Amino acid sequence: MKVLIAVDGSACAFSAVDFVKGLGLTMSGDVTLLTVVPAGHEGSGSEIDRQVDELLQETSRRLAKKDVAIRCRTRRGHAGHEIVAECQQWGADLVVVGSHGHRALHRFLLGSVSEQVLRHAPCSALIVRSQDAKSASREIRESRTCSATGPLRVLVGFDGSEPSQAGIEFVAQLAPDGGQQVQIASVQVVITYFRMDLLQKQSPEWQRHKQELISGLEDAAARLSESAMSVSTGVHEGDDEGEELLELADAFHADLIVVGATGRSAVEQFLLGSVSDRVAHHAKSSVLVVRSGQSADGPPHE
């Protein structure tokens, strides 16, 4: 898998690097570390180059593992635009960016860079939350970005679609230190006004859909069980799928939420899909948005 990690020297970015390393995503394959120097950045060229080189070298040491090829790149311009451009040019399978949390808010909001990367990157995107900038650079097992007292907790949103199936395949390839607990959740949307939910649940279509979800969850659980993960499943009801997943993530104390994205049509470049968009914008935990047709091995590159 080809993983591109955006770094800028902030505690948030180092937290993202540690999170990715802890997930085991860099245990094999290629890694590109990318830093973007803003256009018109003040200071001498040689001094900026020195600082960038030191940053990339320090980050490389944090990621250093046997059999992992680490490539360092520097681009100049707007961070979001240049990260997306590097993903396209290199053929990345996954792009990773950090996103500062806003602790005063009930839900967290994306920054402008992570927003642009999420919407325009041609590959899957991992948005790593940093809830406390002062402690964000700690090792993954010591940070609240990932559970400090137990295995990694992963919530996977599953609806049987190709993107959600790809999300299962991504999770199957994770190899975090200390194992992981996975909850695979499907949500059936109910229409509650005028008690329409009573008629809705009695319909053959509702029952058929529920059985399809149950069958899909069983297959997904079997796939993840092959990797010796602790897996639980459930079909839940709610009037908004995205909000239901967010509430499930809170109750599960999830460290990572995995959801599938829609395709890459001209419209979908701006609209990820109501579920993945809502979760990515408002989750308290880190979020992996998997593009349709992507897996941990990545798509074929022409």
Side-chain angles (χ1 to χ4, degrees), residues 99 105-110 114-115 118-119 124-127 129 153-171 182-221 223-224 231-265 267-294:
S99 182
L105 301 178
H106 174 63
R107 296 294 188 190
F108 292 80
L109 302 175
L110 291 181
S114 50
E115 168 87 26
L118 187 65
R119 291 189 179 277
S124 299
L126 172 60
I127 309 299
R129 300 291 190 191
R153 291 174 173 264
V154 182
L155 175 71
V156 185
F158 183 84
D159 61 7
S161 65
E162 182 181 352
S164 67
Q165 295 282 3
I168 294 295
E169 290 304 313
F170 245 109
V171 175
V182 182
Q183 184 178 124
I184 314 173
S186 295
V187 179
Q188 281 190 290
V189 177
V190 294
I191 303 172
T192 56
Y193 56 84
F194 300 123
R195 297 317 312 267
M196 289 293 292
D197 56 318
L198 297 179
L199 294 175
Q200 188 178 6
K201 295 177 186 179
Q202 293 173 3
S203 69
E205 177 65 20
W206 174 273
Q207 295 300 326
R208 182 188 64 78
H209 183 231
K210 185 172 183 178
Q211 289 304 313
E212 288 179 349
L213 290 176
I214 292 174
S215 178
L217 287 171
E218 291 174 349
D219 291 342
R223 173 70 181 94
L224 296 185
V231 183
S232 62
T233 64
V235 178
H236 306 266
E237 298 176 0
D239 57 6
D240 183 285
E241 186 175 351
E243 184 62 29
E244 185 68 21
L245 288 175
L246 289 170
E247 292 179 1
L248 288 170
D250 287 348
F252 185 51
H253 303 293
D255 302 301
L256 176 66
I257 305 174
V258 179
V259 290
T262 53
R264 299 302 301 155
S265 70
V267 173
E268 288 165 339
Q269 288 181 7
F270 298 95
L271 302 175
L272 280 174
S274 58
V275 176
S276 55
D277 187 67
R278 186 175 184 85
V279 170
H281 277 76
H282 301 295
K284 297 177 181 178
S285 59
S286 299
V287 177
L288 170 62
V289 178
V290 182
R291 297 291 183 197
S292 180
Q294 294 266 320

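Along the sequence shown, the residues carry numbers beginning at 1. Predicted, not measured: the structure shown is a model, and the values here were computed from it.
Annotation: the span from Leu246 atom CG to Arg278 atom CZ amounts to 6.5 Å, rounded to 0.5 Å. Within the model, atoms CD of Glu162 and CZ of Arg291 stand 13.5 Å from one another, a figure rounded to the nearest 0.5 Å. Once rounded to the nearest 0.5 Å, the distance linking CD of Gln165 with CG of Asp159 reads 9.0 Å. With rounding to the nearest 0.5 Å, the separation of CD in Glu247 from CG in Asp240 is 9.0 Å.
Residues meeting the side chain to side chain contact (heavy atoms under 4.5 Å, CB included) test with Ala220, sequence neighbours left out: Phe158, Ile168, Ile184. Residues passing the side chain to side chain contact (heavy atoms under 4.5 Å, CB included) test with Val187 are Glu241, Glu244, Leu245, sequence neighbours excluded.
In this model, a donor atom of one side chain and an acceptor atom of the other lie less than 3.5 Å apart for Glu115 and His281.
For the pair Glu169/Arg223, a side-chain contact is recorded, criterion being any heavy-atom separation below 4.5 Å from C-beta on. Taking 4.5 Å as the limit, every side-chain heavy atom of Val289 sits out of range of all side-chain heavy atoms of Val279.
For the side-chain hydrogen bond (donor to acceptor under 3.5 Å, both in side chains) condition, the pairs that include at least one residue of residues 209-220, sequence neighbours left out, are Gln188-His209, Arg208-Glu212.
Looking only at distances, no side-chain donor or acceptor of Ser99 sits under 3.5 Å from a matching main-chain atom of Arg129.
Contact record, Phe252 with Gln183: CD1-NE2, 3.4 Å, taken as the closest heavy-atom pair. Shown here for Leu155 and Ala185, the closest heavy-atom pair between the two residues is CD1-CB, 4.0 Å. In plain terms, the two heavy atoms of Gly157 and Ser164 that are nearest each other are O-CB, 3.8 Å. Here the closest heavy-atom approach between residue Ala254 and residue Ser285 is recorded as O-CB, 3.2 Å. What you find for Thr233 and Ala221 is that their closest heavy atoms are CG2-CB, 3.8 Å.
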From CA spacing to verdict: side-chain contact (heavy atoms from CB on, under 4.5 Å), Ile257, Leu248: CA-CA 10 Å; Ile257 305 174; Leu248 288 170; over 6 Å; no
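Residue Ser276 forms a side chain to side chain contact (heavy atoms under 4.5 Å, CB included) with just one option from Val258, Val259, Leu118, Val290, and that option is Val259.
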